[in-house]
Number of protein chains: 2
Amino acid sequence: MPPSDHALDLPERISFSALTAQAIRRGIDRGAWAGALPSERRLSEVLQVSRPTIRRALAILVREGTLDGPRARQLRTIRAGGGARPSLNRRVIFLSHEQPEQCPPIGSLAFSEIRTVLERLRFTTEFLVCQERSLAAQQRKLAAYFARNRVLSYVLLSLNQELQMWLAGRGVPAMVLGSCHPAVRLPSFDLDNHAVGRSAAGLLLSRGHRRIAFLVPDSNGIGDLATEAGFTEAVRLHAAGDEVQARIVRHDGTPAGLRVRLDALLAGPAPPTGLLVAKPRAALVALVHLLGRGVAVPGRVSIICRDQDDVFGDLRPQLAHFSYDGRGIVRRLGRALAQLAATGVAVARPYRVFPRFVSGTSLARPG
Amino acid sequence: MPPSDHALDLPERISFSALTAQAIRRGIDRGAWAGALPSERRLSEVLQVSRPTIRRALAILVREGTLDGPRARQLRTIRAGGGARPSLNRRVIFLSHEQPEQCPPIGSLAFSEIRTVLERLRFTTEFLVCQERSLAAQQRKLAAYFARNRVLSYVLLSLNQELQMWLAGRGVPAMVLGSCHPAVRLPSFDLDNHAVGRSAAGLLLSRGHRRIAFLVPDSNGIGDLATEAGFTEAVRLHAAGDEVQARIVRHDGTPAGLRVRLDALLAGPAPPTGLLVAKPRAALVALVHLLGRGVAVPGRVSIICRDQDDVFGDLRPQLAHFSYDGRGIVRRLGRALAQLAATGVAVARPYRVFPRFVSGTSLARPG
DNA sequence: CTTTCCTGGTTACTCAGGATGACCAGCGCA
DNA sequence: TGCGCTGGTCATCCTGAGTAACCAGGAAAG
């Protein structure tokens, strides 16, 4: 018999499923979830582990009594005494009606920037998209989410007015990135969309356009409403003697819906010669659609986009648009969150950025 | 993008060999052996681990400097001062000729995804752009960087062939995200660009196109070269009896340069009726330029884009393109890096993804 | 109401990595 | 000289994880 070396620990032969079970157990202890676990597919994404492995891990936890089995196709519930130790977390949730790439206050570029900066500051970021059509459904979904998750603060991106006020009313910890309803008293980091709308209308009018339109999704985003207000205000101020026809054209936010509106506009009796388009994606869709229909840009229609996209400068015609440097906003947001994490409150002073106009060949004098 | 709960530790994916190395390391620290380790077969008995695993563990310890290699069939000796071991850091540098958003293997969307996943695995990520025009200048810059920085691994994104081979030759720790030169023996996570090129040409030919072209930047990216090879191969195989005219058109990577090439193509004697375009940005520029010139798409020219962009589906015509899910690649990359951090080496087996074709109305039969 | 999406449950298949056992050449030593 | 030990190598088997489909039930959106 060989002598045995006693000073040694044998390497632990532990299956990856068991390790995963440990990870989930720690998550439960830290209070990452309340009441019930996320779905298996969610866990598999979050933990970067395949679903069969997640299932084996869950089976272990059920067997040891940490979890209940799924009840009638419900999520698995966490057994009482799960140690829900409320620890100060640094979890930040971005809340929006749209995919992150489409949120106007911060273009696609800036969003990964935001994530990076916040993660440097040791915040963990998540994105929650709330795309239900009815307000009630949105509120139900969010209420369920609030009940099951503990977060430091929500960051509201281009939410519609009703939901923004509902959240503020419920006392959900939040700050607003993008435009903020004036009545909502939350820390906010805005673009001055009102000024942009006014400026855009002024640009079109000063180039001689007399039939202009603002194409905007009908989602009641507060920034969109502000742009709209600025747009009509500029028209009202200018149109003292002139005969100016300014329309606000709402579409349903889908590319197809936008094209339908565009076609209707152009087929109408007095088609506009100048367009302001909200959202970079929509501007691209509109440009390609018009060119594809043989409508010259800017020959028959000039286009200004309210928001930025870094492809705009590469195209011919270059899309005239408004642009700004998001880094200042990101820095402020990071500081506000750090303050909130440290002190429990954040200043509600709004921070405003005035985008600058980037001229492009898509804007010219009318035909 | 699905939200992810960051308040969690991910389960650690550590191989049993690495665990065994840990056990041996602890044994050394506790003075279980003096001067030299027991033989492999002894260790295998003592630790209750098979000998191949013991050997892998020993290789890890030799690599990290805890052990000397076996001297002339002697037992492995324990290095003096076994206390201070240079531990591998977890710093990862992304190295590319272009801005991250433009790197084709992973779209802008996927890149923030990659950062997030790697940072959750406790890697720190940085991006290093190497845009010098001359190869010598690139090498100088990188050599200076290597001399001053210790990193776990470089991740090469769409580097040109020369630089990729130079790095491999210098023994820089690296893996390739995107296409990899066949002679370069590095872990790589590829799209199968060759297959894409072949498939794209096949699609155009099978639709009846007989004059086709591949528009590609002249930067000698390995993926581009592979696409080109696949493209011409498909043409060669198909064109047995048929008369097919296939051109490779290189542009300088700028939108203006692309437009010049397009105009020259269309003004030529036998303009192509089908185009394959590399890079999503280039495809957008080409589409808008053609439509703006009154060239009907797909009426006069069909377009397929080799890469993906999520705006393609929203446009009319929809841009036919090749698409894939980058998450699998990100997962593999993360695992390879984790393995590298734990064991000091990563497998050099290439991982290949076959993008699937997303049909679109920009592709139709000619004329 | 209908439809859509998401849940848990289940399948078949691939593949990496560890276990096993055998073999080799070199070396020290009885 | 022959034995027993060392590290080095190989072929083979098998477990466990990954992947990608499916399915039915049920909740919720519209």
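Note that these values count all heavy atoms, side chains included, but never hydrogens, waters or copies made by symmetry. Here is the naming used below: chain letters follow the sequence lines, and residue numbers restart at 1 for every chain.
For D:dA27, the OP1/OP2 oxygens have no side-chain nitrogen or oxygen of A:Arg140 closer than 4.0 Å. Residue B:Arg331 places no side-chain N or O under 4.0 Å from the OP1 or OP2 atom of D:dG18. Between B:Arg41 and D:dC5, a side-chain N or O to OP1/OP2 separation shorter than 4.0 Å is absent.
Applying the side-chain hydrogen bond (donor to acceptor under 3.5 Å, both in side chains) criterion to A:Arg25, with sequence neighbours excluded, gives A:Glu64. Applying the salt bridge (charged side-chain N to carboxylate O under 4.0 Å, His left out) criterion to B:Arg198, with sequence neighbours excluded, gives B:Glu233. Contacts of A:Arg26 classified as salt bridge (charged side-chain N to carboxylate O under 4.0 Å, His left out), with partners at least two apart in sequence or in another chain: B:Asp9. A search for salt bridge (charged side-chain N to carboxylate O under 4.0 Å, His left out) contacts involving B:Arg122 returns nothing, not counting sequence neighbours.
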List, with names and distances, any nitrogen or oxygen atoms from the protein found under 3.5 Å away from nitrogen or oxygen atoms belonging to nucleotides 17-20 of chain C.
{"residue": "C:dG18", "atom": "OP1", "partner": "B:Phe16", "partner atom": "N", "Å": "3.2"}
{"residue": "C:dG18", "atom": "OP1", "partner": "B:Ser17", "partner atom": "N", "Å": "3.3"}
{"residue": "C:dG18", "atom": "OP1", "partner": "B:Ser17", "partner atom": "OG", "Å": "3.2"}
{"residue": "C:dG18", "atom": "OP2", "partner": "B:Ser17", "partner atom": "OG", "Å": "3.3"}
{"residue": "C:dG18", "atom": "OP2", "partner": "B:Arg56", "partner atom": "NE", "Å": "3.0"}
{"residue": "C:dG18", "atom": "OP2", "partner": "B:Arg56", "partner atom": "NH2", "Å": "3.2"}
{"residue": "C:dA19", "atom": "OP1", "partner": "A:Arg13", "partner atom": "NH1", "Å": "2.5"}
{"residue": "C:dA19", "atom": "OP1", "partner": "A:Arg13", "partner atom": "NH2", "Å": "2.9"}
{"residue": "C:dA19", "atom": "OP2", "partner": "B:Ser50", "partner atom": "N", "Å": "3.4"}
{"residue": "C:dA19", "atom": "OP2", "partner": "B:Ser50", "partner atom": "OG", "Å": "2.5"}
{"residue": "C:dA19", "atom": "OP2", "partner": "B:Thr53", "partner atom": "OG1", "Å": "2.3"}

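Screening residues 254-264 of chain A for salt bridge (Lys or Arg N to Asp or Glu O under 4.0 Å) gives A:Asp263-A:Arg293 as the qualifying pairs, with residues at least two apart or on separate chains.
Computed from coordinates, the B:Phe354 CZ to C:dT14 C1' distance equals 14 Å when rounded to whole Å. Atom CD in A:Glu45 sits roughly 10 Å away from atom P in C:dT7 (whole-Å rounding). In this structure, the CG atom of A:Leu61 is 16 Å from the C1' atom of C:dG8, given to the nearest Å. What separates CZ of B:Arg42 from P of D:dT6 is a distance of 9 Å, to the nearest Å. When rounded to the nearest whole Å, the span between CG of B:Leu58 and C1' of D:dT6 equals 13 Å. Atom C1' of nucleotide C:dC5 and atom NZ of A:Lys141 are separated by 11 Å, given to the nearest angstrom. The distance from atom OH of A:Tyr145 to atom P of D:dA28 is 18 Å, rounded to the nearest whole Å. In this structure, A:Gln138 atom CD and D:dA29 atom C1' are separated by 12 Å, rounded to whole Å.
Aromatic ring orientation, A:Phe94 versus A:Phe127: parallel (interplanar angle below 30°, classes split at 30° and 60°).
In this structure, B:Arg335 and A:Ala137 both approach DNA chain D, and ranking their closest nucleotides by distance from the 5' end singles out B:Arg335. Between A:Ile14 and A:Gln131, the residue anchored nearer the 5' end of DNA chain D, judged by the nucleotide with its closest heavy atom, is A:Ile14.
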* Worked verdict on B:Glu119 versus B:Thr125 for side chain to side chain donor-acceptor pair (under 3.5 Å) -> CA-CA 7 Å; B:Glu119 275 168 19; B:Thr125 59; 3.2 Å; yes
